[in-house]
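For ligands, and for the atoms within them, numbers begin at 1 and follow the listed sequence.
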Amino acid sequence: MTVLVRDLDVALGGRPVLNGVSLDAPAGSWTAIIGPNGAGKSTLLRAVLGLVPSHGEVTVAGVDLGTLKPRQRARLIAYTPQNPNLPVGMTAFDYTLLGRSPYIPHLGREGARDRVITAEVLDRLDLTAFAARPLGHLSGGERQRVVLARALAQQTSVLLLDEPTAALDIGHQQQVMELIDRLRLSDELTVVTTIHDLTLAGQYADRLVLISAGRVAVAGEPAQVLTRAAVEEHFDARVRVTPGAGGRPVLSLERP
Ligand SMILES: Nc1ncnc2c1ncn2[C@@H]1O[C@H](COP(=O)(O)OP(=O)(O)O)[C@@H](O)[C@H]1O
Ligand SMILES: [Mg+2]
């Protein structure tokens, strides 16, 4: 399903945070939102979901999200926050099962199918061994994968992931990115992630949107966006950009 954002403005605490942000994420595409700390990346995802007040237009498959009830919206879009507030006493299995809530009738219980889907998702994320463990007894990286598991258990067509790899070691970063990519290709998922590792963003996304001070500074294919000049201007960093596999840019820091 296509996600369209048009001229989105958000103000928080009386201060403008996003100004006229637009983006197009066609069905089956992967868009990475990049930008320096505090640029407004998390706010953009939160505004798309209606978690913060905004002006502008957000549609999924042509439907204005503002017109949907929370349950309907949760069948369409799954979201993982950057710093989720986790119930530390809940097991990884039960937390992942929460992803099935939009399909469980009010006052009803989950069915066998919901438990099967939950177990499958945990398995795909290498989490079966942790299923019975309370979230408070998991490492940061394990918890981050459980949060993704909950979103995948929601079986939506759109995934909005805020820094999904931030706490992961390089092996689990690759595992999570490859899994998201496989799902996107097999199920035509529309993926929008914020991600602060620019090389990782450029390796997986087909489109990058660089947000700087609340505005879209550049958008396009990774090689168009991740230029030495743009990284210097918006991140105040000196980098070398070299073409990697498929012409996708690889960044390395340059010592002064
Ligand atoms: N609830 C809030 N009230 C006021 N300012 C906020 C609030 N949430 C975020 N901000 C500000 O909005 C800006 C963008 O934040 P955020 O979207 O989290 O940035 P990013 O995810 O790009 O690092 C920051 O300057 C942040 O301090
Ligand atoms: Mg953020």
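In summary, the atoms of ligand 1 found under 4.0 Å from a heavy atom of R15, numbered by their order in the structure, are 11 (C), 12 (O), 13 (C), 24 (C), 25 (O). Every atom of ligand 1 with a heavy atom of N37 under 4.0 Å away is listed here by number and element: 23 (O). Those atoms of ligand 1 with a heavy atom of T43 less than 4.0 angstrom away are 14 (C), 15 (O), 16 (P), 17 (O).
Given atom 18 (O) of ligand 1, the protein heavy atom at minimum distance is S42 CB, 3.7 Å. Protein heavy atom nearest atom 7 (C) of ligand 1, with residue, atom name and distance: L12 CD1, 3.4 Å. With hydrogens left out, the protein atom closest to atom 14 (C) of ligand 1 is G38 O, 3.3 Å, a heavy atom.
Checked by atom type and distance alone, the side chain of E232 never pairs as donor or acceptor with a backbone atom of A229 at under 3.5 Å. D94 places no side-chain N or O within donor-acceptor distance of the main-chain N or O of T91, the cut-off being under 3.5 Å. Checked by atom type and distance alone, the side chain of R145 pairs as donor or acceptor with a backbone atom of L125 at under 3.5 Å. In this structure, the side chain of K41 engages the main chain of P36 through a donor-acceptor pair within 3.5 Å.
For the atom pair CG (L138) and CG (L127), the distance works out to 8.0 Å, reported to the nearest 0.5 Å.
The two residues T31 and A25 have their closest heavy-atom pair at OG1-CB, 3.7 Å. Shortest non-hydrogen contact noted between A166 and H196 is CB-CE1, 4.2 Å.
Contact annotation: A39 has at least one heavy atom less than 4.0 Å from an atom of ligand 1.
Listed by first and then second residue, the salt bridge (charged side-chain N to carboxylate O under 4.0 Å, His left out) pairs that reach into residues 244-256 are R228-E254, R240-E254, sequence neighbours excluded.
By the 3.5 Å distance cut-off applied to N or O atoms, K41 is counted among the residues near ligand 1. Checking only distances, V17 never comes within under 3.5 Å of ligand 1, N or O to N or O.
The neighbour count for E221 CD, taken as heavy atoms of other residues, nucleotides or ligands under 6.0 Å away, does not exceed 12.
The tally of protein N/O/S atoms under 2.8 Å from the Mg ion (ligand 2) stands at 2.
Geometric assessment of R100 against the ring of Y103 yields a positive cation-pi assignment under the 6.0 Å and 45° thresholds.
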